[in-house]
Amino acid sequence: MSRFDAVWLDAGGVLVLPDPTVLGPLLAYYGAAAGIERHRRAHYAAMAAKSAQGAEERDWRQYDEAYVRSLDVSEELVDEASRALGRVRIADLWRWPIPESVDALRALGSGGVPLAVVSNASGQVERSLLLSRVCQVGPGPGTPVRCVIDSHVVGVAKPDPAIFDFAAAHFVGVDRRRIAYVGDSVMMDVGGAVAADLHPILIDPYDDHADATFERIHSLADLLA
Ligand SMILES: [Mg+2]
């Protein structure tokens, strides 16, 4: 079912995206393309820009500017559109389930692969993933996972490898090098996973990181092969 003894996942960009059904109308005012596919693409373009800048988790300015540029907002409106995006893209908006990810997560879970979520979040991520029917600890509407670790709750954030210790407590006896950690941030996720001795995998649907030396996948479904 999997090359790995367990799969741990980032939430934003892997399981859910900032809700394009909210951001579409918000940014269309500034001339942005409003289609869901365009917004999906914009997220990964924006993450790549954020990574290229070496931006820290709290600094989303490059992300917001690259996001609206990816949607063809004209240069004279990039400041205003990206500022609006930065104010509206609150933690609770990371709630739009990525359809292929939800399907792949369900297949991994039903195939017996032990799963966990480790997210830099604001205390909301476990509830959001439940409400979005993506996953939950124990039985429920989504895929059962062993734990959902929220940086705000545990008090340590990626790329600090210490955040992964909270998940590891649910995986006693599993060799960390046989645990994949899938994320969409080079600095936070790949960097954090390397520091934690996990096997890092970047989700890179549009080949924004074609020159990377670490493993990349286009979709979570690639883990099922
Ligand atoms: Mg992410």
Side-chain angles (χ1 to χ4, degrees), residues 1-18 20 36-37 39-41 43-45 47-48 51 94-121 125-126 128-149 158 164 167-168 170-186 188-194 196-225:
M1 197 62 196
S2 170
R3 292 153 49 206
F4 303 102
D5 293 341
V7 175
W8 297 356
L9 308 119
D10 179 26
V14 177
L15 301 174
V16 290
L17 289 172
I36 283 177
E37 284 308 315
H39 276 255
R40 290 180 64 158
R41 203 285 164 263
H43 167 78
Y44 297 98
M47 287 302 296
S51 290
W94 292 81
R95 68 186 190 187
W96 189 82
I98 300 170
E100 312 89 282
S101 295
V102 173
D103 291 346
L105 191 69
R106 187 179 305 116
L108 285 167
S110 57
V113 179
L115 302 167
V117 175
V118 181
S119 172
N120 282 3
V125 70
E126 184 168 6
S128 294
L129 292 171
L130 171 65
L131 288 177
S132 295
R133 310 174 78 82
V134 173
C135 62
Q136 70 287 317
V137 177
T143 298
V145 297
R146 288 195 185 178
C147 59
V148 177
I149 307 300
K158 300 173 288 184
F164 294 103
H170 299 265
F171 292 79
V172 174
V174 180
D175 182 349
R176 284 192 178 214
R177 291 162 301 182
R178 302 254 329 141
I179 299 174
Y181 182 68
V182 184
D184 67 335
S185 165
V186 174
M188 302 302 149
D189 300 325
V190 175
V194 167
D197 229 5
L198 304 165
H199 180 96
I201 301 177
L202 186 76
I203 190 159
D204 184 19
Y206 303 92
D207 287 321
D208 292 318
H209 303 270
D211 297 333
T213 54
F214 44 79
E215 183 171 353
R216 299 177 302 127
I217 55 175
H218 284 140
S219 160
L220 270 193
D222 296 351
L223 293 181
L224 297 168

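The structure displayed is predicted, hence computed values, not measured ones.
Judged by distance alone, with hydrogens and angles left aside, the side-chain atoms of Y44 form no donor-acceptor pair with the main-chain N or O of D184 at under 3.5 Å. Formation of a donor-acceptor pair under 3.5 Å by the R176 side chain with backbone atoms of D197 is not found in this model. Not a single donor-acceptor pair under 3.5 Å links the side chain of D5 to the backbone N or O of R178.
Within the 4.5 Å cutoff, the side chain of R216 has heavy atoms near those of the L202 side chain. Contact of the V102 side chain with the R133 side chain is not registered, since no non-hydrogen atoms from C-beta on lie closer than 4.5 Å. Side-chain contact check for D207 versus H218: some heavy-atom pair is nearer than 4.5 Å. Put simply, the side chain of E215 does not reach to within 4.5 Å of the side chain of V182, judged on heavy atoms. H170 places none of its side-chain heavy atoms less than 4.5 Å from the side chain of W8.
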Run the ring pair (Phe, Tyr, Trp, His ring centres under 6.0 Å) check on H43 and W94 step by step: do they pass?
-> CA-CA 11 Å; H43 167 78; W94 292 81; 5.7 Å; yes
Derivation of the side-chain contact (heavy atoms from CB on, under 4.5 Å) call for M47 and V186 = CA-CA 9 Å; M47 287 302 296; V186 174; over 6 Å; no
Verdict with reasoning, N120 to M188, per side-chain contact (heavy atoms from CB on, under 4.5 Å) = CA-CA 9 Å; N120 282 3; M188 302 302 149; 4.2 Å; yes
After noting the C-alpha distance and the side-chain angles of L9 and L220, does the key distance pass the side-chain contact (heavy atoms from CB on, under 4.5 Å) rule?
-> CA-CA 10 Å; L9 308 119; L220 270 193; 3.6 Å; yes
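Taking all atoms of both residues into account, the shortest heavy-atom contact from V134 to L105 is O-CD2, 3.7 Å. Shortest non-hydrogen contact noted between V117 and C135 is CG2-SG, 3.9 Å. Residues L223 and F4 share a closest heavy-atom pair of CD2-CE1, 4.2 Å. Among all heavy-atom pairs drawn from P97 and S132, the shortest one is CG-O, 3.8 Å. A pairwise comparison of heavy atoms in L17 and G13 identifies CD2-CA, 3.8 Å as the closest pair. Nearest heavy atoms, G183 versus V14: CA-CG2, 3.7 Å.
Ring geometry, F164 versus Y181: the interplanar angle exceeds 60°, so the pair is classed perpendicular (tilted spans 30 to 60°).
With rounding to the nearest 0.5 angstrom, the CZ atom of R3 is 12.0 Å from the CG atom of L224.
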